[in-house]
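Side chains are part of it too, since the values below use all heavy atoms of this structure and drop only hydrogens, waters and symmetry mates. Note on naming: letters A, B, ... go to the chains in the order of the sequence lines (proteins, then strands), and numbering restarts at 1 for each one.
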Number of protein chains: 2
Amino acid sequence: MSTVPASARDRLVAAAFDLFDVRGFDETTVDDIARAAGVGRTTFFRHFGSKEAVIFPEHDELLARIAARLDAGDADSRDSAVTEAARLVLRYYVGEGDRARIRYRLISSVPVLKTREIASIRQYQSLFARALSGWTADDPDAVLRAELLASAIVTAHNHVLRRWLRGEVDDPEDAFGHAMSVVLEPVTQAGGETTVVVVRTGAAPDQVAAAVQRALRSS
Amino acid sequence: MSTVPASARDRLVAAAFDLFDVRGFDETTVDDIARAAGVGRTTFFRHFGSKEAVIFPEHDELLARIAARLDAGDADSRDSAVTEAARLVLRYYVGEGDRARIRYRLISSVPVLKTREIASIRQYQSLFARALSGWTADDPDAVLRAELLASAIVTAHNHVLRRWLRGEVDDPEDAFGHAMSVVLEPVTQAGGETTVVVVRTGAAPDQVAAAVQRALRSS
DNA sequence: GGCGAGTACGGTACTGAGTACCAATCCTTT
DNA sequence: AAAGGATTGGTACTCAGTACCGTACTCGCC
C-alpha cells in the first residue's frame with residue numbers, strides 16, 4: 001500500500017526533484033535518482049535524454065501545445081493568438097507550484113541548468129517567430145519584425161514568471177496582461193503617432209512629410 | 001621552421017576548428033585536438049573549460065569589451081551606447097571571416113553547440129538589460145522595458161549577423177544600422193509625443209530628411 | 001488455455017568528458 | 001648558482017551517455 005502506483009517516469013521526476021533539492025544537482029548521480037525511484041539506470045535514460053532533462057519533464061508536450069495554439073491563429077487574430085499561446089506556458093508553470101519554485105532555485109544556482117532553461121526558452125521563441133513570420137507579409141523587414149516581436153513576447157513572459165517565482169507578484173495572469181500591453185503598445189499604435197517636421201522653406205508640406213517618412217523607414 | 005610560434009592556446013583553437021570542420025564535433029575527442037596541437041590533454045582543459053568552449057575562444061574578452069562600452073554610456077547617450085556596443089560584437093564576428101562561418105555551420109548542425117551559443121547570446125543580453133535598467137528610471141515598468149529593449153537589440157544583431165553568415169547581406173554594418181532603426185523607432189516615438197523640428201534655413205526637404213536619417217542611425 | 005509480437009525493464013560493458021593530483025620542466029629573481 | 005613560481009604532461013578516477021542483450025509483462029489471436 002505504500003508502493004506508489006505512479007508510473008516509473010513520474011517516480012523518476014519526483015525522486016530527481018527531491019534529491020536535487022536536498023542534496024544538490026552535482027552531488028546527485030543518475031544512479032541515485034534511479035535507485036530512489038526503484039528503477040534501473042537504463043530506464044532513466046530511456047525516459048529522459050539527459051540528467052538535466054528530468055527538470056523539464058513536460059517541455060516537449062508544452063512546445064506541442066504552443067505550436068497547436070499558434071497554428072490555430074491567423075494574421076487577423078495575431079495579438080490574441082500570441083498572447084494566449086504565451087499564457088498557456090505561464091499557466092502551466094504557475095500551476096506547478098512548488099515544483100516550479102524548486103526548479104527556479106536549481107536553475108539560479110546550477111549553470112548547466114540555467115543554460116538548459118535558456119535553450120528551452122529559445123525554442124518557444126522560435127515557435128512564435130515562425131508563426132509571426134507567416135502572418136506578417138509584404139514588408140521587407142517582415143522576418144526581423146517577427147523575430148523582434150517573438151523575443152519581446154518571450155521576454156515579457158519570463159519577466160512576469162520570474163517575478164511571480166520570487167513572490168513579487170500575486171496575480172501573474174494580470175501582470176502578464178499588463179506586460180503584453182507594454183509589448184504591443186508600440187506595435188498597435190504604429191503609424192498612429194505623428195512626427196511633424198515644420199520647414200520654413202517654400203517646399204510643400206506633404207513633400208516634407210514624405211521625406212521624413214522615408215527617413216524614418218530609413219531604407 | 002614549420003613549428004608555429006603561436007601560443008598553445010591558439011594552436012588548440014586552430015586544431016579544434018580544423019578537426020571539427022572536417023571530421024565533425026562528436027567524432028573529434030579532446031585527445032585528438034590536444035594531439036593535433038602538440039600539447040597534452042590536461043593543457044586543453046586548462047585553457048578551455050569544456051570541449052564546446054574552444055569554439056568561442058574570445059567570448060569572455062568580448063563580454064568585457066561590451067561591458068566597458070556600456071559603462072561608458074549614460075542615460076542621454078543611451079541609443080548610441082547600445083548601438084555601438086552591439087556593433088562591437090558584430091564587427092568582431094564579421095572580422096573573423098572563415099572562422100565565423102565554420103562556427104555557424106557547426107552550431108547549425110550540433111545541438112550542444114547551438115545551446116552553448118544561445119547561452120552566450122543571453123549573456124550579452126543580460127549586460128544590455130542591466131545597463132539599460134540603470135539608465136531608465138521613474139517608470140514602474142522600467143525593468144521590463146529594459147529587458148525588452150535588450151532582447152530587441154540582441155535579436156536585431158543576431159538577425160543581421162546570421163544573414164551575413166548566410167551570404168544574404170553584403171554590408172552588415174549598414175544592415176545593422178537599419179535593423180536598429182527598426183528597433184528604436186517605437187522607442188523614440190514612445191509616449192505619443194509629437195516631435196516638432198523647426199528648420200529656419202533654406203535647406204531642401206530631402207536634406208532635412210537626410211539629417212534626420214543620420215540622427216536616427218545615431219552613430 | 002496457449003502463443004507469438006510488441007513493449008518496458010534491468011544489467012553489463014564501453015567511450016569519453018571533466019577533475020584531482022603529482023612530478024617534471026622552464027623561467028624568473030636574487 | 002639556487003630558490004621559487006608558473007606552465008605543462010601523465011595518471012587515475014568519477015560519472016554521463018550509448019549500445020547491446022536477455023528477460024518479464026501484456027495484449028490480441030488462434
Side-chain angles (χ1 to χ4, degrees), chain A residues 3-20 22-57 59-61 106-107 109-117 119-120, chain B residues 3-57 59-60 106-107 109-117 119-120:
Chain A
T3 44
V4 270
S7 69
R9 183 189 168 92
D10 291 341
R11 291 203 312 271
L12 280 168
V13 172
F17 270 89
D18 252 22
L19 288 170
F20 290 166
V22 301
R23 195 190 304 179
F25 180 81
D26 290 326
E27 290 73 26
T28 303
T29 70
V30 174
D31 255 320
D32 296 333
I33 303 170
R35 216 170 313 139
V39 300
R41 203 176 80 104
T42 312
T43 300
F44 178 92
F45 284 109
R46 227 172 246 128
H47 285 283
F48 307 99
S50 71
K51 185 180 165 186
E52 304 102 77
V54 73
I55 297 292
F56 309 92
H59 177 245
D60 287 339
E61 194 218 323
L106 288 171
I107 286 173
S109 58
V110 183
V112 65
L113 292 180
K114 181 168 293 194
T115 298
R116 182 89 185 196
E117 191 216 19
S120 302
Chain B
T3 44
V4 271
S7 70
R9 183 189 168 91
D10 290 341
R11 290 204 312 272
L12 281 168
V13 172
F17 270 88
D18 253 22
L19 288 170
F20 290 167
D21 191 29
V22 301
R23 196 190 304 179
F25 181 81
D26 290 325
E27 290 72 27
T28 304
T29 71
V30 175
D31 255 321
D32 295 334
I33 302 170
R35 216 170 312 138
V39 301
R41 201 177 81 104
T42 310
T43 301
F44 178 92
F45 284 108
R46 228 172 245 125
H47 285 282
F48 308 98
S50 70
K51 185 179 165 187
E52 304 102 77
V54 73
I55 296 293
F56 309 94
H59 177 243
D60 288 338
L106 287 171
I107 285 172
S109 58
V110 184
V112 65
L113 292 179
K114 180 167 293 193
T115 297
R116 182 91 185 194
E117 192 216 19
S120 302

Could you check how far CD1 of I33(A) sits from P of dG10(C), rounded to whole Å? 15 Å
Measure from CD1 on I55(A) to P on dA16(D) and round the result to the nearest Å. 13 Å
Atom CD of E27(B) and atom P of dG17(D) are separated, to the nearest Å, by 18 Å
What's the separation between atom CG in D18(A) and atom CG in D32(A), rounded to the nearest 0.5 Å? 12.5 Å
What distance separates K51(B) NZ from T29(B) OG1, expressed to the nearest 0.5 Å? 7.0 Å
State whether the distance check finds a donor on one side and an acceptor on the other, under 3.5 Å, for side chain R41(A) versus base dG17(D). yes
Roughly how far, to the nearest 0.5 Å, is CG of L106(B) from CD of E52(B)? 12.0 Å
Integer-rounded Å distance: dG9(D) P and R11(B) CZ: 8 Å
Considering heavy-atom distances to DNA chain D, does V30(A) or R46(B) have its closest nucleotide positioned more toward the 5' end? R46(B)
Has the side chain of R41(A) got a donor or acceptor atom that lies under 3.5 Å from a matching backbone atom of D31(A)? no
Can you tell me the distance, in whole Å, between the CD atom of E52(A) and the C1' atom of dG17(D)? 11 Å
Taking the inter-plane angle between the rings of H59(B) and F56(B) on a 0 to 90° scale, is it parallel (under 30°), tilted (30 to 60°) or perpendicular (over 60°)? perpendicular
F44(B) CZ - dT7(D) P separation (whole Å): 18 Å
Does OP1 or OP2 of dT8(D) have a side-chain N or O of H47(B) closer than 4.0 Å? yes
N/O (side chain, T42(B)) to phosphate O (OP1/OP2, dG9(D)) under 4.0 Å: no
How many Å lie between CZ on F45(A) and P on dC9(C), as a whole number? 15 Å
Let's see if you can work this out: which of dC15(D), dG17(D), dT8(D) has an atom nearest to the side-chain heavy atoms of T29(A)? dC15(D)
To the nearest angstrom, the NZ-C1' distance between K51(A) and dG16(C) comes to 17 Å
Given dG10(C), dA17(C), dG9(D), the nucleotide with the shortest approach to the side chain of V39(B): dG9(D)
